[in-house]
Trainee: 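Next up is a structure, given as structure tokens.
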Amino acid sequence: MTSDENVSATFKRAAAERAVDFIQPGMVVGLGTGSTAAYAVKRLGALLSAGTLKDVVGIPTSRATEALATSLGVPLTTLDVHPVVDLTIDGADEVAPDLSLIKGGGGALLREKVVAQASRREIIIVDAPKLSPRLGSKWPVPVEVLPFGWRSQALFLESLGARVVVRLALDGAPYHTDQGNVLLDCDFGPISDPSGLAAKLDARAGVMEHGLFLNLTTDLLVAGPEGITHRVRGA
Ligand SMILES: O=C[C@H](O)[C@H](O)[C@H](O)COP(=O)(O)O
């Protein structure tokens, strides 16, 4: 790890551990995906195994998070059993001043959005470099599409102004999400109308989900050199 990565990891961990303080006994907790959310899962696992926190069940947002939580002894449940989630803790790739997000750098955007929409409270944890004046300035929008006809979707996304890159797995083959879909990383540049873009993506058959998370964050915890800042949407 470079020293920059070490600093970033320290901040991610600090934000994640603060978020876990919001978990109360008896809660159903959405478990996000990615390096930042993993710190929260690890902290939750440690508190549960120490008996400091009791009767919490988690709903993982990816197979990777499910495997991590299981390895730590975090009891898991499903949205079928618990269709309403008390609190979800998740990371993000880019955060705008209105707490809208780009997510999906780790490929888990679809399940993450399903869990976020089922959550009473969605706590997003990031390190400060992820803050952005406008979505799209730092990160492409991942768009999850059906394998059937995915090249047509790439053309559609280009027609909306994106530079489209097919996400690849480590072996060089197209990456497949937990649902078996293809991910197209779409660089739109700074996005002037995220809601309008989201509406166009939502209306397209074959687009299963996209990484624009609008009006879903309730709380944002940002860790940086000055400590942790807690922002609440609408406050
Ligand atoms: O699909 C992955 C998720 O949206 C992640 O929460 C996001 O990519 C942030 O990941 P990380 O915490 O590793 O930067």
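Just so you know, ligand 1 is whichever comes first in the structure, and atom 1 is the first atom listed for that ligand.
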Trainee: What residue and atom, counting heavy atoms only, is the protein's closest point to atom 14 (O) of ligand 1, and at what distance?
Mentor: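 So the nearest neighbour among protein heavy atoms is Lys130 NZ, 2.6 Å.
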Trainee: What's the shortest distance from atom 3 (C) of ligand 1 to any protein heavy atom, and which residue and atom give it?
Mentor: Glu112 OE2, 3.0 Å
Trainee: I want to check something: taking the side chain as every heavy atom from C-beta on, are Leu47 and Arg43 in contact at a cut-off of under 4.5 Å?
Mentor: yes
Trainee: Quick one: are Ile89 and Leu44 in side-chain contact, heavy atoms under 4.5 Å?
Mentor: no
Trainee: For Ala37, is at least one N or O under 3.5 Å away from an N or O on ligand 1?
Mentor: no
Trainee: Side chain, backbone, both or neither: which part of Val126 comes within less than 4.0 Å of ligand 1 when only heavy atoms are counted?
Mentor: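 Val126 to ligand 1: no contact under 4.0 Å from either part.
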Trainee: For atom 5 (C) of ligand 1, what's the nearest protein heavy-atom neighbour? Residue, atom name and distance, please.
Mentor: Thr33 O, 3.0 Å
Trainee: Calculate, to the nearest 0.5 Å, the distance between atoms NE2 and CG belonging to His210 and Leu110 respectively.
Mentor: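 Reported value, rounded in 0.5 Å steps: 10.0 Å.
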Trainee: Students should be able to answer this: which protein heavy-atom is nearest to atom 13 (O) of ligand 1, and at what distance?
Mentor: Ser35 OG, 2.6 Å
Trainee: Given Asp93, Thr61, Thr36, Leu110, which one has a non-hydrogen atom that is nearest to atom 9 (C) of ligand 1?
Mentor: Asp93
Trainee: Out of all atoms in ligand 1, which are within 4.0 Å of some heavy atom of Lys103? Include the element for each.
Mentor: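 This gives 3 (C), 4 (O), 5 (C), 6 (O) as the contact atoms.
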Trainee: Do Trp150 and Val166 make a side-chain contact, defined as non-hydrogen atoms from C-beta onward lying under 4.5 Å apart?
Mentor: yes
Trainee: Testing the basics here: between Val85 and Val28, what is the closest heavy-atom pair and its distance to 0.1 Å?
Mentor: CG1-O, 3.5 Å
Trainee: So if I count the atoms of ligand 1 from 1 in the order they appear, which ones are less than 4.0 Å from some heavy atom of Lys12?
Mentor: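 The atoms of ligand 1 under 4.0 Å from a heavy atom of Lys12 are 14 (O).
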Trainee: Does ligand 1 have a heavy atom under 4.0 Å from the side chain of Ser62, from its backbone, from both, or from neither?
Mentor: neither
Trainee: Below 3.5 Å, N or O to N or O, backbone or side chain included: is there any such pair between Gly34 and ligand 1?
Mentor: no
Trainee: Taking all atoms of both residues into account, what is the closest heavy-atom pair of Asn181 and Val145, and its distance?
Mentor: CB-O, 3.2 Å
Trainee: Identify the closest protein heavy atom to atom 2 (C) of ligand 1: which residue and atom is it, and at what distance?
Mentor: Gly106 N, 3.0 Å
Trainee: Do Arg167 and Leu184 touch side chain to side chain, with heavy atoms closer than 4.5 Å?
Mentor: no
Trainee: Take every heavy atom of Gly32, measure it against each atom of ligand 1, and state whether any distance is under 4.0 Å.
Mentor: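 Contact absent.
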Trainee: I need the atoms of ligand 1 closer than 4.0 Å to a non-hydrogen atom of Gly91, numbered in the order shown.
Mentor: 6 (O)
Trainee: Is it the case that over 12 heavy atoms from other parts of the model lie below 6.0 angstrom from the NZ atom of Lys200?
Mentor: no
Trainee: Taking only heavy atoms of Ala92 into account, list the atoms of ligand 1 that are under 4.0 Å away from them.
Mentor: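 Atoms satisfying the 4.0 Å criterion: 6 (O), 9 (C).
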Trainee: Quick one: are Gln179 and Glu144 in side-chain contact, heavy atoms under 4.5 Å?
Mentor: yes
Trainee: Under a 4.0 Å N-O cut-off, is there an ion pair linking Lys12 with Asp127?
Mentor: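 Looking at Asp127 together with Lys12, the answer is no, because their closest N to O distance does not fall below 4.0 Å.
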Trainee: Under 4.0 Å from any heavy atom of Asp90, which atoms of ligand 1 are there?
Mentor: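 Matching atoms, with element in brackets: 6 (O).
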